[in-house]
Protein chains: 2
Amino acid sequence: MDSLLDKRKCIIKSALDLVQEHGFHGCPVSMVAKNAGVASGTIYTYFENKDALIIGIYEYVVEEIKKYVSERDDNLSPFKDRFYTYWKSLTDFYELNPSIHGFYDQFLKSPFNSEDLQKKPNAWHDYANSFFEDGIKLGEIKELNPIVLSILVNTNVNSIVGIKKNFKKKLARNNMSLDEISHLIWDGIKAK
Amino acid sequence: MDSLLDKRKCIIKSALDLVQEHGFHGCPVSMVAKNAGVASGTIYTYFENKDALIIGIYEYVVEEIKKYVSERDDNLSPFKDRFYTYWKSLTDFYELNPSIHGFYDQFLKSPFNSEDLQKKPNAWHDYANSFFEDGIKLGEIKELNPIVLSILVNTNVNSIVGIKKNFKKKLARNNMSLDEISHLIWDGIKAK
DNA sequence: GTTAAATGATTGAACGTTCATTCAGTCGAT
DNA sequence: ATCGACTGAATGAACGTTCAATCATTTAAC
C-alpha cells in the first residue's frame, strides 16, 4: 500500500525533472518510465493517460508549494513581516526545487492549465488568496482584489527566480540586489 | 517578390492564431497549412522545419511589439510620462492582439526559448533595456539593472493582461482598477 | 508449517495513429 | 521553354496506449 503511493510519487518526480528539461512533448512516456525505473505500461496503472500524468505532477507541485509556504507563515506576526516571509519562502522553495520552478512556470502558460482545471479547488491558490485577504482586512495593504494581488506577487517571485537562474553571472555586480525587489513590491502594495 | 513575403507573413499569422489556441503541439503543420490556405509542402518553401516556423513567429511577434511601443514613445517627454506611455502601449498592443499575447506568454516559458535564441540580437529586448537605462541615467528610477527592470515590467504587463482576459467578470466590481497596477509599479521603481 | 490458489502489479513487445517531412508531378509567370 | 513555387499523396519515424504473459505477494486450506 505504502509502496504504491511511493511509486506514484516516484513516477511524478522523475517526470517532473524530464518535463522541466525537455518540455511536455520532449519527454515521451517511455522516457519517463525509464527514468523512473519502471516499464512504460506501469505508468498506466497510476495514471489514466499522459495528460493525467501531467496534471498529476501539477497537483503534486502546488501541494508542495503550499506546504512549504504555509508552514513558515506565522499569522500572529505583523503583516509586513508575514509578507516578507511569504516572499522569502516562495523564493527559497523554488531555488531549492528548480525543477518545480521550471515545470510550474511552463505549466501555468500551457494549454494544460485549462479553464476546467482552474475551476477545481486548489489549496495553494486558496491559501495565497486568503493570505492577501488577511492583509487587506488588517488594513495593511491596498484594497486590491486578493486574487489579483496573489497572481501579481507570485508572478513576480517566479520572474525573479527565473532571472537569478539565467543571469547569475552578469547580474552579481554592484547593482541593487534582486532580493530588494520584494521591498519595491511591498512599497507598491502597502496601504497609506 | 512581394507576394512571397506576403505569403510568409500569412503563414506566420495563421500559425500564430492556432498555436495560441491549441499550443505548439496541438497544431500540426497540416492544420497551419489549411488555415493559411496553402498545401503543407508549401510551408517548407518558407521555413526549414516546424521549429523554424515557431521561431519565425516569435521573431515576427517581437518585431511587432517593438514597433508599436517605440512608435508611441516620445523621448523628449518627462520620464514618468514615458513610463506610463510604455505601460499603456504594451497593454494596448496585447489587448489589440490577443493571439500575440497568448503566443508570447507560452513561448517565453517554453523550451523553444533556448539559451541560443536568447543570445541572438533582439530589437525589442534592446529597445526595452535602453528605455529603462534612460530612466536610470536621468535619475528618475532606481539603480536597478535595466535588464531586470525590463523583464520585471514586461512580466507584470503580461500578467495583468492575462488577468483581464481570464477574470473579466469577477473583477469588474468596485475594486481598484487593474490599470492602477502601473502606479503601484511606478511607485516601486521611481527614484527617491 | 507447507502448499496451493488468487490477486494484482509489472513488463515490454506489438499496435495503430499521428504527424513532420519529402518529392514527383503540376501550374503559372515571364 | 524555363524556372521556381505549389500541391498533396506517400513515407516512415515517433509515440501513446494496450494486453497477454510473468512475477511477487497475500490469502486459504490442510
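Basis for what follows: all heavy atoms, side chains included, without hydrogens, waters or symmetry-related copies. To find a chain, count down the sequence lines: A is the first, B the second, and so on, and within it residues start at 1.
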Choosing from [options], which nucleotide comes nearest the side chain of [X]?
X	options	result
A:Ser40	C:dT10, C:dG12, D:dC6	C:dG12
B:Tyr46	D:dA9, C:dT10, D:dA5	D:dA5
A:Val29	D:dG16, D:dC6, C:dT10	D:dG16
A:Pro28	D:dG16, C:dT21, D:dG8	D:dG16
A:Thr42	C:dT10, C:dA20, D:dT7	C:dT10
B:Val38	C:dA20, D:dT18, D:dT7	D:dT7

Starting from [atom2] on [N], measure out to [atom1] on [X] and report it in whole angstrom.
X	N	atom1	atom2	value
A:Lys50	C:dT18	NZ	C1'	13 Å
A:Lys7	D:dT25	NZ	C1'	13 Å
B:Asp6	D:dC6	CG	C1'	16 Å
A:Met31	D:dG16	CE	C1'	14 Å
A:Asp51	D:dC15	CG	C1'	13 Å
B:Ile43	D:dA5	CD1	C1'	14 Å
A:Tyr44	D:dT17	OH	C1'	5 Å
A:Arg8	C:dA9	CZ	P	14 Å

Does the side chain of A:Tyr127 come under 3.5 Å of the side chain of A:Asp73 through a donor N or O and an acceptor N or O? yes

Between A:Asn97 and A:Tyr104, do the side chains contain a donor N or O and an acceptor N or O under 3.5 Å apart? no

Check for me whether A:Arg82 meets the cation-pi criterion with A:Tyr86, that is, NZ or CZ under 6.0 Å from the six-membered ring centre and within 45 degrees of the ring axis. no

Quick check: are there more than 12 heavy atoms from other residues, nucleotides or ligands sitting under 6.0 Å from CD of A:Glu48? no

Checking A:Asp105 side chain against A:His101 main chain: does a donor-acceptor pair fall under 3.5 Å? no

Would you say a side-chain N or O of B:Lys34 is under 4.0 Å from OP1 or OP2 of D:dG8? no

Determine: side-chain N/O of B:Thr45 to OP1/OP2 of D:dA5, distance under 4.0 Å, yes or no. no

Per nearest nucleotide of DNA chain D, the residue lying toward the 5' end, A:Glu48 or A:Gly26, is A:Gly26

